[in-house]
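Only one structure is covered here, and it is reproduced in the block below.
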Number of protein chains: 2
Amino acid sequence: MGRTRSSSPTISEVAAAAGVGRATAARTLGGYGYVSDEMRERVLASAEALGYRANQLARSVSTGVSHTIGVVVADISNPFFGGVVRGVSEIASARGFDALVISTYEHFEDEIAAMNVLVDKRVDGIILSSAACDPASTAHLQLARERGIPLVLLDRLIPGIELDAVVIDNRTAARTATGELIAAGHARIGFVWGPPTPARPSFRRDLVDAAARNLWSDGERLMGYLDALDDSGLPLDPDLVAVGEKTEAHTYDEVMRMLALADPPTAFFCTETDALTGTLHALRDSGVAIPSQASVIGFDDSSWAAVMEPPLTMVEQPMLDLGRRAAELLLGRIDGDGDGEEAPTQLELPARLIQRASVAPPR
Amino acid sequence: MGRTRSSSPTISEVAAAAGVGRATAARTLGGYGYVSDEMRERVLASAEALGYRANQLARSVSTGVSHTIGVVVADISNPFFGGVVRGVSEIASARGFDALVISTYEHFEDEIAAMNVLVDKRVDGIILSSAACDPASTAHLQLARERGIPLVLLDRLIPGIELDAVVIDNRTAARTATGELIAAGHARIGFVWGPPTPARPSFRRDLVDAAARNLWSDGERLMGYLDALDDSGLPLDPDLVAVGEKTEAHTYDEVMRMLALADPPTAFFCTETDALTGTLHALRDSGVAIPSQASVIGFDDSSWAAVMEPPLTMVEQPMLDLGRRAAELLLGRIDGDGDGEEAPTQLELPARLIQRASVAPPR
DNA sequence: CTGTTAGCGCATTCAA
DNA sequence: TTGAATGCGCTAACAG
């Protein structure tokens, strides 16, 4: 039975101490219903004296509202998600909601487990950055919907699934960044990384297929890269697309490979922080100067990028806004009392290219 | 009254469907007590059919255990805390606990609010990186203790308060880093930043006092800086200690000020990321080359530091371990069923100096 | 082993 | 207005 922690006074105790009925104490403490000023004073006084604090869990069981939202991201230690969660928390806490945050490290099983935990803990809504990229594997999302828990997708869409979502316009961002390189005169641009492909793709079709089978955002960035190439009538050289694991070490190897090509790239577009640092390491170890011998554009601006030598041109993602908008959308659904399956809202926020000094014409 | 979300089947419904008593269903679904295999099968079958999922909130109200821990940090978007929270989550989730994380942005009132929320939501334990530096302002910590909720301090101690805690050995780390600079031949070393002081301190005593009145970790780092100076019999020049806000912009101003001194510093020790980037910007804008004209050591290593030109010598904090150890300590207290006020455990993890290429003899 | 019966702490209906 | 009584979903003595 309910263990006796170091006891927390209950409503009954306060009522007793105040010499009033349970309900009266509950009403004043809960802030609802009618209570005479006199009774209220009495109750408040003894509540104060006893150090009463409402048990939100009990309240939730009774009301069906927990004032807690779940946030499941790939990795909270990744600055991108850190920013996103900050944005979510900002607006959620302003409205009295707290966040239960869970990292999945891109493991699909962990994502399923996370969804279950959140549903079981009866959160009022869930913000999810899913690792799923297959409309078939969405039973866990189904669960939340069935239970009437609003869900909004964050940063990553799941192709074929219509749900509320807030994402970045990855494709346009990649197209713009690649276009910037092309405008500077580059024709051979390394793409680090596109979505990991099983083996080195030989044809454009293989790449596009791979993109569709991977994380939505990665796929979009690859498509944007291809768009830019098309825009200028430039050919796609599969050798210039990195494949494999998403680690700094592997990225390093891929860039070294590209650098050893007969006709190596004269510019690199890196779609994530690890890809960027891996590329920078490879460039340095190869004695390739930036931007005189190779131009570079990275993704996910950070204060570090501006103090690099040279300052790096970067694509900046509005992480905070991404989180804020997702939270606003979710909270709207929550009090929207929405049984009515209203049409999904999908917001696409723009990413911004911050031009600094790592892009120059090829020599 | 309990709204009828999109209905979640309850134990009673499962029991009814299975044609057994409530308790029997509860026992098999709750995994306790005796149940015959036959009954169990029946119950499990209808639970499966109905898509039953235990309501953890109700369970918590009944058992007094929520399997949730609270984590309050200064700012989840700060990579340091992101790493810490990851460490905490790793070991917590492995033991079935989820984390409710709240950022305070160093606002004391927010810290108090956060503690209240966590207590009210009946978390089983709390990990706190407090902004308090005064043993007098600890009523909110008192609350948790009274309610029997284990609390472990993270990254920051509160002078005069004896509580479980896991921190970094900031003083030694700062002493080592400063010592590294001294060993290279520097005698005038800028400290960016020490704890913010009301006005520019004139004497050592003023600085030490200021240190005691500020965030514990900042104070410790200043003391480490002073220790190193003492170790080598070097004098303290208050002009070489940055004061004021903790922002990149302000840090920039302070470094510019130092650079304009008649006898400017030949090296800088920056105790936080913003301080480091601010310093780097100031150095660049002043045309001061690293390390030929000024040596630099920063705090909080990141993958960026290694790709800087030159690669930066940094103090690395074991963020993950900090979080892991704190979580282990907390979970230990939680199942330690500890009413018994056992002696507080205070762990001090070592920080590591990563030598790269931003330190050289003064010219 | 099983079902009945109480709680847990709070919300809420309803008669007084 | 107030208080008694019931319910939320689950745990857990207790008797059979």
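A note on names: the letters A, B, ... follow the listed sequences, proteins ahead of strands, and every chain is numbered from 1.
A donor and an acceptor atom sit less than 3.5 Å apart, one in the side chain of A:S62 and one in the base of D:dG7. Side-chain to base pairing of A:R27 with D:dG3: one donor and one acceptor N or O lie within less than 3.5 Å of each other.
Under 3.5 Å, the side chains of B:K121 and A:T68 contain a donor-acceptor pair of N or O atoms. Side-chain polar atoms of A:R156 and A:S130 form no donor-acceptor pair below 3.5 angstrom. No side-chain donor-acceptor contact under 3.5 Å links B:R122 and B:S66.
The side chain of A:N55 sits closest to C:dC10 out of D:dG3, C:dC10, C:dA11. Checking D:dA13, C:dC10, D:dC10 against the side-chain heavy atoms of B:T10 singles out D:dC10 as nearest.
The structure places CZ of A:R324 at 8.0 Å from CZ of A:R86, a figure rounded to the nearest 0.5 Å.
Ring pair A:H140/A:F108 is perpendicular by interplanar angle, where above 60° counts as perpendicular and below 30° as parallel.
Residue A:A15 is classed as having no contact, given no heavy-atom separation below 4.0 Å to the nucleic acid.
Comparing B:Y34 and A:Y32, the nucleotide of DNA chain C nearest to each residue sits closer to the 5' end for B:Y34.
If you run side chain to side chain donor-acceptor pair (under 3.5 Å) between B:D120 and each of A:R53, A:Q56, A:R59, only A:R53 comes through.
For DNA chain D, the neighbouring residues in residues 16-25 of chain B, judged by any heavy atom under 4.0 Å, are B:A23.
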